[in-house]
Every structure is written in C-alpha cells, then in structure tokens.
Colleague: 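Would you mind keeping the following structure in view while I ask a few things?
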Amino acid sequence: MTEQNISSKQQWLDWIAKIQSIAQAGLYYSHDRFELERYQELRDIAAEMMAAEADLLLAKVKDLFCNETGYQTPKIDTRAAVFQDGKILLVHEGTGKWSLPGGWCDVDQSVADNTIKEVKEEAGLDVAITRVIAIDDWRKHNKRNHPYGVIKIFSLCRVLGGSFEPNIETTEAKYFAEGELPQNLALEKNSPEQIKRCFAAYHTPDWQTTMD
C-alpha cells in the first residue's frame with residue numbers, strides 16, 4: 001500500500017470516528033425518541049463503515065468502537081523513558097515486538113501513578129518521574145490499530161531499584177543505545193521518532209515538554 005493510500009485510509013477512519021462520536025453524544029444528550037432512533041442508526045452505519053474499512057468483524061467493531069456512553073474522549077496511554085549509561089530501556093512483548101514500558105491509564109490511577117505501575121509490572125523496576133517529555137496525539141505519530149483517539153504521555157524516569165522478572169506481558173527488558181534500536185518496534189506504541197525525542201530529553205537538562 002502506498003503512502004497516499006495509507007493517508008487516504010486514515011482520513012476515512014478519522015471521518016468514521018467523528019461520525020460515531022457525534023452519534024454517541026446524540027444518544028446521550030437527546031431525549032426525543034425519533035432523534036434517538038436516528039442517532040442509533042447513524043452509529044450503526046459508522047460501525048459498518050469501520051468494519052468494512054478496517055477489515056474487522058462487525059461484532060468486534062461494535063465491542064471496541066460503540067461500547068461507551070456519554071461524550072466521547074480519547075484514551076490515555078502512558079510510556080516511561082528509563083535510561084542507564086546513556087541507553088534507553090525497552091521491554092520485549094509477547095508479540096515479539098519491543099516497546100517503552102507502558103499501557104492504558106487505569107481509571108483509578110493518575111498519569112504519574114500509572115507510569116510507575118507499568119514500569120514495575122513490565123520491567124520489574126521501581127522508578128520516579130523526573131519530567132514529562134511529550135504529550136502526543138497518536139494519530140500524528142504512530143501506526144494506528146484502534147478505532148478511537150489516543151493521547152500518549154511520555155515521561156522521563158530514574159531508577160530507584162528492582163530487577164526484571166518474566167511476566168505475562170513481557171519476556172525481556174534490555175537497554176539500547178540510540179543508534180542500535182531494534183527493528184521490530186511496536187510502532188503503534190512508540191515510533192523511532194518518539195524514542196529519539198526521549199533521548200533528546202535525557203540529554204537536555206532544561207527540556208521543554210512538547211505537545212500536539
């Protein structure tokens with residue numbers, strides 16, 4: 001698939017997501033039964049379009065894409081940049097890909113708490129956050145594999161203690177130099193550009209948080 005075709009496909013996915021969010025808000029705020037019927041029909045059409053465009057089962061799309069009520073907002077993903085001797089920590093996932101430690105922000109966790117929790121779960125390390133590196137709109141930086149918006153928050157962390165232990169999410173934790181990053185990165189979670197920004201923040205004491 002060419003870059004132009006990928007761009008066109010992503011544009012269609014954006015439009016479909018927008019239609020779904022309008023329908024979801026309408027279902028939540030409207031009270032007239034005829035309006036509710038129209039918004040539900042609009043939501044069903046958006047789900048069918050998403051299933052066709054993303055080549056997914058309709059039931060799967062409805063489970064992921066149409067499973068919320070109220071005004072639709074992006075999901076929060078936290079990622080930790082942990083360094084040792086100028087190298088950055090990546091964890092090896094069960095999928096065979098490498099990523100910065102992190103994951104979805106749980107509803108009972110703050111961004112900071114979730115970042116610390118994910119590093120402990122995936123890399124076995126206790127860390128403290130020193131600064132926020134970046135707040136990214138996932139659509140502008142990452143390979144897209146979800147039918148909803150994602151805001152990614154990257155934080156620079158320092159190690160307090162701990163050591164890696166194999167777990168249900170990751171099989172290995174390893175430090176990489178900037179010029180030696182593995183080829184099989186989980187691009188939906190962290191792009192090479194995002195990791196390079198983490199290196200830049202690590203080497204820049206007065207780093208200013210970037211934000212889309």
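Note that the structure is a prediction, hence the values are computed from the model and not measured.
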Colleague: If we ignore angles and hydrogens, is there a donor and acceptor under 3.5 Å between the side chains of T78 and N114?
Modeller: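 Judged by distance alone, the side chains do pair up.
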
Colleague: For a quick test of reading the model, state the closest non-hydrogen atom pair linking R197 to I133 and the distance between them.
Modeller: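 The answer is O-CG2, 4.0 Å.
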
Colleague: Within the side chain of R131, is there an N or O that forms a donor-acceptor pair under 3.5 Å with the backbone of Q208?
Modeller: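 The answer is no, because no donor-acceptor pair under 3.5 Å joins these two groups.
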
Colleague: Please tell me whether N167 and E122 have a donor and an acceptor in their side chains that are separated by less than 3.5 angstrom.
Modeller: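 Side chains of N167 and E122: no pair found under 3.5 Å.
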
Colleague: Find the distance between SG (C105) and CD1 (I153) and round it off to the nearest 0.5 Å.
Modeller: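 Those atoms lie 7.0 Å apart.
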
Colleague: Indicate, with yes or no, if V132 and M211 share a hydrophobic cluster defined by side-chain heavy-atom contacts under 4.5 Å among Ile, Leu, Val, Met, Phe, Trp and Tyr.
Modeller: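 The answer is yes; both residues are in one hydrophobic cluster.
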
Colleague: Are the side chains of D136 and Q194 in contact, using a 4.5 Å heavy-atom criterion?
Modeller: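 Yes; the side chains approach each other to less than 4.5 Å.
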
Colleague: With distance as the sole criterion, is a donor-acceptor pair present between the side chains of T170 and H92 under 3.5 Å?
Modeller: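 Note: T170 and H92 side chains miss the donor-acceptor criterion.
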
Colleague: Can we say D137 and K152 salt-bridge, meaning some charged N sits less than 4.0 Å from an Asp/Glu carboxylate O?
Modeller: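 Between K152 and D137 there is no salt bridge, as every charged N stays at least 4.0 Å from the carboxylate O atoms.
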
Colleague: Can you name the side chain to side chain donor-acceptor pair (under 3.5 Å) partners of N184, sequence neighbours left out?
Modeller: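 N184 satisfies side chain to side chain donor-acceptor pair (under 3.5 Å) with no residue once adjacent residues are dropped.
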
Colleague: Of all the heavy-atom pairs spanning Y39 and S30, show the shortest one and how long it is.
Modeller: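 Scanning both residues, the minimum pair turns out to be CE1-OG, 3.3 Å.
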
Colleague: Would you call D85 and K87 a salt bridge, taking side-chain N to carboxylate O under 4.0 Å as the test?
Modeller: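 The answer is no: the pair does not qualify as a salt bridge.
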
Colleague: Classify the angle between the aromatic ring planes of H203 and F199 as parallel (below 30°), tilted (30 to 60°) or perpendicular (above 60°).
Modeller: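 The rings of H203 and F199 lie parallel, inter-plane angle below 30°.
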
Colleague: For the residue pair N190 and H141, confirm or rule out a side-chain donor-acceptor distance under 3.5 Å.
Modeller: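 Their side chains do not contain a donor-acceptor pair, so the 3.5 Å distance test is not met.
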
Colleague: If the threshold is 4.0 Å, N to carboxylate O, is there a salt bridge linking D106 and K117?
Modeller: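 Here D106 pairs with K117 in a salt bridge, since their nearest N and O are under 4.0 Å apart.
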
Colleague: Within the side chain of R38, is there an N or O that forms a donor-acceptor pair under 3.5 Å with the backbone of A23?
Modeller: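 Flag not set: sc R38 to bb A23 has no pair under 3.5 Å.
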
Colleague: Above 12 or not: heavy atoms from other molecules or residues under 6.0 Å from CD of E193?
Modeller: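 Check passes, neighbour count above 12.
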
Colleague: Does the pair I19 and I45 meet the rule for a side chain to side chain contact (heavy atoms under 4.5 Å, CB included), with working shown?
Modeller: CA-CA 9 Å; I19 292 170; I45 292 172; over 6 Å; no

Colleague: Are D77 and K189 within salt-bridge range, i.e. N to O under 4.0 Å?
Modeller: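 Salt bridge flag = no for K189 with D77.
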
Colleague: Determine, stepwise, if the pair D212 / R139 fulfils salt bridge (Lys or Arg N to Asp or Glu O under 4.0 Å).
Modeller: CA-CA 10 Å; D212 289 325; R139 296 173 298 176; over 6 Å; no

Colleague: Does a side-chain heavy-atom distance below 4.5 Å link I88 with V82?
Modeller: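 Not touching, per the 4.5 Å side-chain cut-off.
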
Colleague: Taking the side chain as every heavy atom from C-beta outward, state whether I129 and C157 have any pair of such atoms under 4.5 Å apart.
Modeller: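 Heavy-atom side-chain distance check passes, below 4.5 Å.
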
Colleague: To the nearest 0.5 Å, tell me how far W104 CH2 sits from K75 NZ.
Modeller: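 So the gap between those two atoms works out to 6.5 Å.
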
Colleague: Rounded to the nearest 0.5 Å, how far apart are CD1 of I135 and OG of S155?
Modeller: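 Rounded to the nearest 0.5 Å, the CD1-OG separation comes out at 8.5 Å.
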
Colleague: If a pair satisfies salt bridge (Lys or Arg N to Asp or Glu O under 4.0 Å) and one of its residues is in residues 154-169, list it, with sequence neighbours excluded.
Modeller: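 The answer is none; no pair qualifies.
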
Colleague: Which heavy-atom pair separates L185 from K97 by the least distance, and what is that distance?
Modeller: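 Heavy atoms only, the tightest pair is O-CD, 4.0 Å.
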
Colleague: Taking atom CD of E35 and atom CD of E37, what is their separation to the nearest 0.5 Å?
Modeller: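 Reported to 0.5 Å precision, the distance equals 11.0 Å.
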
Colleague: Evaluate L89 against V159 for side chain to side chain contact (heavy atoms under 4.5 Å, CB included), listing each step before the verdict.
Modeller: CA-CA 11 Å; L89 177 71; V159 177; over 6 Å; no

Colleague: As a quick check of understanding, evaluate side chain to side chain contact (heavy atoms under 4.5 Å, CB included) for W98 and F176, giving each step before the final call.
Modeller: CA-CA 11 Å; W98 292 88; F176 292 88; 3.8 Å; yes

Colleague: Any link between W207 and F154 through a network of hydrophobic side chains (Ile, Leu, Val, Met, Phe, Trp, Tyr) touching at under 4.5 Å?
Modeller: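 Linked, W207 and F154 end up in one cluster.
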
Colleague: Taking L187's backbone N and O only, do any of them form a donor-acceptor pair with S191's side chain (distance below 3.5 Å, no angle check)?
Modeller: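 Side chain of S191 to backbone of L187: no pair is present.
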
Colleague: Take M49 and W15 through the test side chain to side chain contact (heavy atoms under 4.5 Å, CB included) and record every step on the way to the result.
Modeller: CA-CA 10 Å; M49 292 173 66; W15 287 334; over 6 Å; no

Colleague: What is the minimum heavy-atom distance between C198 and F83, and which atoms define it?
Modeller: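 For C198 versus F83, the nearest heavy atoms are O-CZ, 3.5 Å.
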
Colleague: With heavy-atom distances below 4.5 Å as the criterion, would you say the side chains of V119 and V91 are in contact?
Modeller: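 Answer no - side chains too far apart.
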
Colleague: Please report the interatomic distance CG(L27) to CD(Q24), rounded to the nearest 0.5 Å.
Modeller: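 Going from CG on L27 over to CD on Q24, the span is 8.0 Å.
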
Colleague: Under 6.0 Å from the CD1 atom of I168, do we count more than 12 heavy atoms belonging to anything else shown?
Modeller: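 Not more than 12 within 6.0 Å, no.
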
Colleague: If every non-hydrogen atom of R79 is compared with every non-hydrogen atom of S99, which pair is closest and at what distance?
Modeller: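 In terms of heavy atoms, the two residues are closest at NH1-OG, 3.8 Å.
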
Colleague: Rounded to the nearest 0.5 Å, how far apart are CD of Q84 and CG of L125?
Modeller: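 Atom-to-atom, Q84:CD and L125:CG are 8.5 Å apart.
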
Colleague: Within the distance-only criterion (no hydrogens, no angle test), does the side chain of T130 pair as donor or acceptor with the backbone N or O of L156 below 3.5 angstrom?
Modeller: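 Such a contact is found between T130 side chain and L156 backbone.
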
Colleague: On a heavy-atom basis, which atom in A80 and which in T115 lie closest, and how many Å separate them?
Modeller: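 Shortest heavy-atom separation between A80 and T115 comes out as CB-CG2, 3.8 Å.
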
